[in-house]
A.B. asks: 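Supplied in structure tokens, the structure appears directly below.
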Protein chains: 2
Amino acid sequence: MVDAPRTPAPTIYDVAKVAGVAPSTVSRAFARPGRVNADTAARIRAVAEQLGYRANPIARALSTSKTRMIGLMVSDVANPFYAELIRGAQMAASEEDYVVVLADAQESGALEREALERLLPVVEGIVIGSSRMSELALRSIAKQVPLIVLNHALGDIPSVVTDNRAGARAAVAHLRDLGHTSITYVAGPEASWTDGARWRALHDTARELGLQTRRVGPVVPTFEGGLGIGDEVLADGATAVVGYNDLVAIGIMAAARRARMRLPQDLSVIGFDDILTARLTTPPLTTVAAPIRFMGATAVRNLLAVLHGAKPRAGQAYVLPVKLVVRGSTAQRNRNRTSPALGTTSVSGSAS
Amino acid sequence: MVDAPRTPAPTIYDVAKVAGVAPSTVSRAFARPGRVNADTAARIRAVAEQLGYRANPIARALSTSKTRMIGLMVSDVANPFYAELIRGAQMAASEEDYVVVLADAQESGALEREALERLLPVVEGIVIGSSRMSELALRSIAKQVPLIVLNHALGDIPSVVTDNRAGARAAVAHLRDLGHTSITYVAGPEASWTDGARWRALHDTARELGLQTRRVGPVVPTFEGGLGIGDEVLADGATAVVGYNDLVAIGIMAAARRARMRLPQDLSVIGFDDILTARLTTPPLTTVAAPIRFMGATAVRNLLAVLHGAKPRAGQAYVLPVKLVVRGSTAQRNRNRTSPALGTTSVSGSAS
DNA sequence: TTGAAAGCGCTAACAT
DNA sequence: ATGTTAGCGCTTTCAA
């Protein structure tokens, strides 16, 4: 029953004829209520209703170049982090009656470019969540269409990031309070701006609070990434580890468990972001929670503001507050912990 | 740097002028290569390239009503199941140079309708993953635009579903092989077609293989849903439970753990779908794996086929094969298991 | 093979 | 307040 409608959809001309007015009046009645007599407007609406008239957004877009669509580019739709982000963006967009066109870079810079090309002529603006493209390429896009970038503070492109500094500080302080004296950080993608920010902040605060730090990796920011580097982390006698993100942290926990360590007694683990899954692990993950959904919404709202004429605030990223959520994966340092039974880990998997 | 482009984008007129041909020839050169002399075509392409000409999809859409966009409606973007689905759809779409417009029903039938309205005039066809609308409403949509529905076999609308029957059979057989004699099924949303299919299949096969069944719920299909009904499940002395989906199953595991039961020795748990998270729990979840990504791709491919003129195959759903993935959450039945320490569970959360 | 011209449905001056 | 008249950029007859 997937037939085309038998009658072509009614247009403003049809409505105009029946209502006995000019097409432009019908147009006004919808596009700019108030610029038309209340009575005529009412009549027009009535006729429109009766005829089942629906404005054609394509035609409107052609003459106004307003498509009421914004593009959302993510580097991996399957990543739970982006799922939340998408929802936030989605909500903010529909609040203003915009629709979001989704593009998935699948972790490839080339695909990202390509997808962006396809998006460009259709959308009024673009939100990019963690790009795999060069800053140069980003700037080139920004020249063509309003753009807002997530998780990456660039000087001249509006961006929204989380307060990694405060997050790292909270994590370090928490671990110190638990008696830990040394922290191992498992690094994410080298190209990741966020990774740099987190490590630096962690390192600085640790020094400030008198803790040691060690950095391993980088790994792909997935469960497999964390799992794969688990042995290396444990071999060194780490008692507290902070993962680049939740997925990595969860991978580390899995590795620890395989090595027969007890969690969290033998090893404290902290993640970043607080994806939904963080709550479901055993033990549930202590993590620096980011307002992911809010990030998506903030990005879209600001983009929309720019589209409505606001001056884009470049030069200074919007930084969103984070908060440490203490769950079960962190505990008092155990001085005579079970030593890990290493060498049992095998890995397979892909990037994120 | 979010300025509008200083020069308006070049059009076919610009290209035509420089190439010394008529605009319509330029149009043909792109829209219908072959219907134009090879040399002129080459010249046109060269000029276009040099001018940086890009066809305007909006204008094209206005005269052809082909937007090269398809709508994808999900009932909850944040649900990992849909994340995978989206990716599949996304990939299939871009293979044919289509773009996907995402809409999120946020579990509300009303929002779903509304979002659909917004989508309708813009897309060439729609894929709906698990609708919250009535079949009547669905049929009404199907009248207006090619539609394909997931996880819900309707007589007269093309649909793709998984082989719940085979999945349930595999689950039951597995549990029987482990010595279980009774299975508790935790039901999902009443309105869910899938829930009905799963329960019926489970029930039938169990009877056939000589096992008892019991059905509890319905619950919202989330971790919280499973967690919340955990006590009820355990109180009855269940040794094997099958959840409506993975999230529910994982919730049950959490409840069991809170009740101090050992997993999987004291309780075997099986889920449905095999979302990414299923691998990350402790123990990792045994589940009836659905080819989620493939489902999304299949839906889109079939939709595209219809758009290209194929006759929609209604009346018989595409059913996709599933397979039982045995991981750590199922084990031999334990005749003298630890009895659960109930009454410790508190719940909060929302639907999925 | 190519060009001229008429739309696609709507918006936006410019008149009245 | 409303009507007239050009477009927006592309496709598509219809002629040449």
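Naming: A, B, ... by sequence-line order, numbering from 1 per chain. Every heavy atom of this structure was used, including side-chain atoms; hydrogens, water molecules and symmetry mates were not.
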A.B. asks: Rounded to the Å, how far apart are A:Leu51 CG and C:dG9 C1'?
C.D. replies: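 Going from CG in A:Leu51 over to C1' in C:dG9 covers 15 Å.
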A.B. asks: Under 4.0 Å from OP1 or OP2 of D:dT2: is there any side-chain N or O of A:Ser24 that close?
C.D. replies: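 For A:Ser24, the contact criterion (side-chain N or O under 4.0 Å from OP1 or OP2 of D:dT2) is not met.
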A.B. asks: At less than 4.0 Å, is any side-chain N or O atom of B:Ser63 found next to OP1 or OP2 of C:dG7? Yes or no.
C.D. replies: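 For C:dG7, neither OP1 nor OP2 has a side-chain N or O of B:Ser63 closer than 4.0 Å.
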A.B. asks: Would you mind telling me which of B:Ile148, B:Leu72, B:Leu116 makes a side chain to side chain contact (heavy atoms under 4.5 Å, CB included) with B:Ile128?
C.D. replies: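 The single option meeting the side chain to side chain contact (heavy atoms under 4.5 Å, CB included) with B:Ile128 is B:Leu116.
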A.B. asks: Indicate, with a heavy-atom threshold strictly under 4.0 Å, whether A:Arg32 touches base, sugar-phosphate, or nothing.
C.D. replies: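 If one applies the 4.0 Å heavy-atom cut-off, A:Arg32 turns out to touch the sugar-phosphate alone, with no base involved.
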A.B. asks: Could you state the atom-to-atom distance from CZ of A:Arg43 to C1' of D:dT2 in whole Å?
C.D. replies: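 The distance from CZ of A:Arg43 to C1' of D:dT2 comes to 11 Å, rounded to the nearest Å.
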A.B. asks: At under 4.0 Å, does any side-chain N or O of B:Arg54 touch on OP1 or OP2 of D:dG9?
C.D. replies: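 No, because none of the side-chain N or O atoms of B:Arg54 sits under 4.0 Å from OP1 or OP2 of D:dG9.
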A.B. asks: Taking atom types as modelled and ignoring hydrogens, do the side chains of B:Tyr318 and B:Asn302 form a donor-acceptor contact shorter than 3.5 angstrom?
C.D. replies: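 Side-chain D/A pair, B:Tyr318 to B:Asn302: present.
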A.B. asks: For a quick check of understanding: with a heavy-atom distance under 4.0 Å over all strands, which category does A:Val26 fall into, base, sugar-phosphate or nothing?
C.D. replies: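 It contacts nothing in the nucleic acid.
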A.B. asks: Rounded to the nearest angstrom, tell me the gap between atom CZ in A:Arg60 and atom P in C:dA12.
C.D. replies: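 Rounding to the nearest Å, CZ of A:Arg60 and P of C:dA12 are 9 Å apart.
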A.B. asks: Please give, in whole Å, the distance from C:dT11 C1' to A:Lys66 NZ?
C.D. replies: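 Distance check: A:Lys66 NZ to C:dT11 C1' gives 12 Å.
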A.B. asks: Tell me which nucleotide among C:dG9, D:dC10, C:dT1 gets nearest to the side chain of A:Ala59.
C.D. replies: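 For A:Ala59, the side-chain atoms sit closest to C:dG9.
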A.B. asks: Using atom CD1 of A:Ile12 as one end and atom C1' of C:dC8 as the other, report the distance to the nearest whole Å.
C.D. replies: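 A:Ile12 atom CD1 is separated from C:dC8 atom C1' by 12 Å.
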A.B. asks: Just to be sure I understand the rule, does B:Ala61 reach a base, reach only the sugar-phosphate, or reach nothing, if contact means heavy atoms closer than 4.0 Å?
C.D. replies: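 Touches nothing.
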A.B. asks: What nucleotide among D:dT11, D:dT2, C:dT11 has an atom nearest to a side-chain atom of A:Arg28?
C.D. replies: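 That would be D:dT2.
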A.B. asks: Between B:Arg301 and B:Glu96, does at least one N-O distance fall below 4.0 Å, as a salt bridge requires?
C.D. replies: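 Between B:Glu96 and B:Arg301 there is no salt bridge, as every charged N stays at least 4.0 Å from the carboxylate O atoms.
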A.B. asks: Compare the minimum distances between each of D:dG9, C:dG3, D:dT4 and the side chain of A:Ala22, then state the nucleotide with the smallest one.
C.D. replies: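 Comparing D:dG9, C:dG3, D:dT4 against the side chain of A:Ala22, the answer is D:dT4.
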A.B. asks: Given that B:Leu62 and B:Arg35 both sit by DNA chain C, which one's nearest nucleotide is further toward the 5' end?
C.D. replies: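 The 5'-side residue here is B:Arg35.
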A.B. asks: Establish whether the base of C:dC10 is bridged to the side chain of A:Tyr13 by a donor-acceptor pair shorter than 3.5 Å.
C.D. replies: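 Side chain to base: pair found, below 3.5 Å.
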A.B. asks: Can you find a pair of side-chain heavy atoms, one from A:Arg113 and one from A:Ser140, that are under 4.5 Å apart?
C.D. replies: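 In short, these two side chains touch, coming nearer than 4.5 Å.
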A.B. asks: Quick one: which of C:dC10, C:dT2, D:dT2 gets closest to the side chain of A:Thr11?
C.D. replies: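 Of the options given, the side chain of A:Thr11 lies nearest C:dC10.
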A.B. asks: Counting only side-chain N and O atoms of B:Thr64, is one of them less than 4.0 Å from OP1 or OP2 of D:dT11?
C.D. replies: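 No, no such contact exists.
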A.B. asks: In whole angstrom, what separates B:Asn56's CG from C:dC10's P?
C.D. replies: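 For the pair B:Asn56 CG and C:dC10 P, the rounded distance is 17 Å.
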A.B. asks: Between A:Arg45 and A:Glu49 (salt bridge meaning N to carboxylate O under 4.0 Å), is one present in this structure?
C.D. replies: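 No, A:Arg45 and A:Glu49 are not salt-bridged.
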A.B. asks: Any side-chain N or O of A:Tyr53 below 4.0 angstrom from OP1/OP2 of C:dC10?
C.D. replies: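 So the side chain of A:Tyr53 is within the cut-off, an N or O lying under 4.0 Å from OP1 or OP2 of C:dC10.
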A.B. asks: From D:dT2, C:dC10, C:dT2, pick the nucleotide closest to the side chain of A:Thr25?
C.D. replies: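 Of the candidates, D:dT2 comes closest.
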A.B. asks: Rounded to whole angstrom units, what separation is found between the CD1 atom of A:Ile58 and the C1' atom of D:dT11?
C.D. replies: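 Atom CD1 in A:Ile58 sits about 15 Å away from atom C1' in D:dT11.
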A.B. asks: Regarding A:Thr40, tell me which of base, sugar-phosphate or nothing describes its non-hydrogen contacts under 4.0 Å with the strands shown.
C.D. replies: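 A:Thr40: backbone/sugar contact only, no base atoms under 4.0 Å.
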A.B. asks: Using 30° and 60° as the class limits, which term best fits the ring planes of A:His152 and A:Trp193: parallel, tilted or perpendicular?
C.D. replies: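 The arrangement is parallel - the two ring planes meet at less than 30°.
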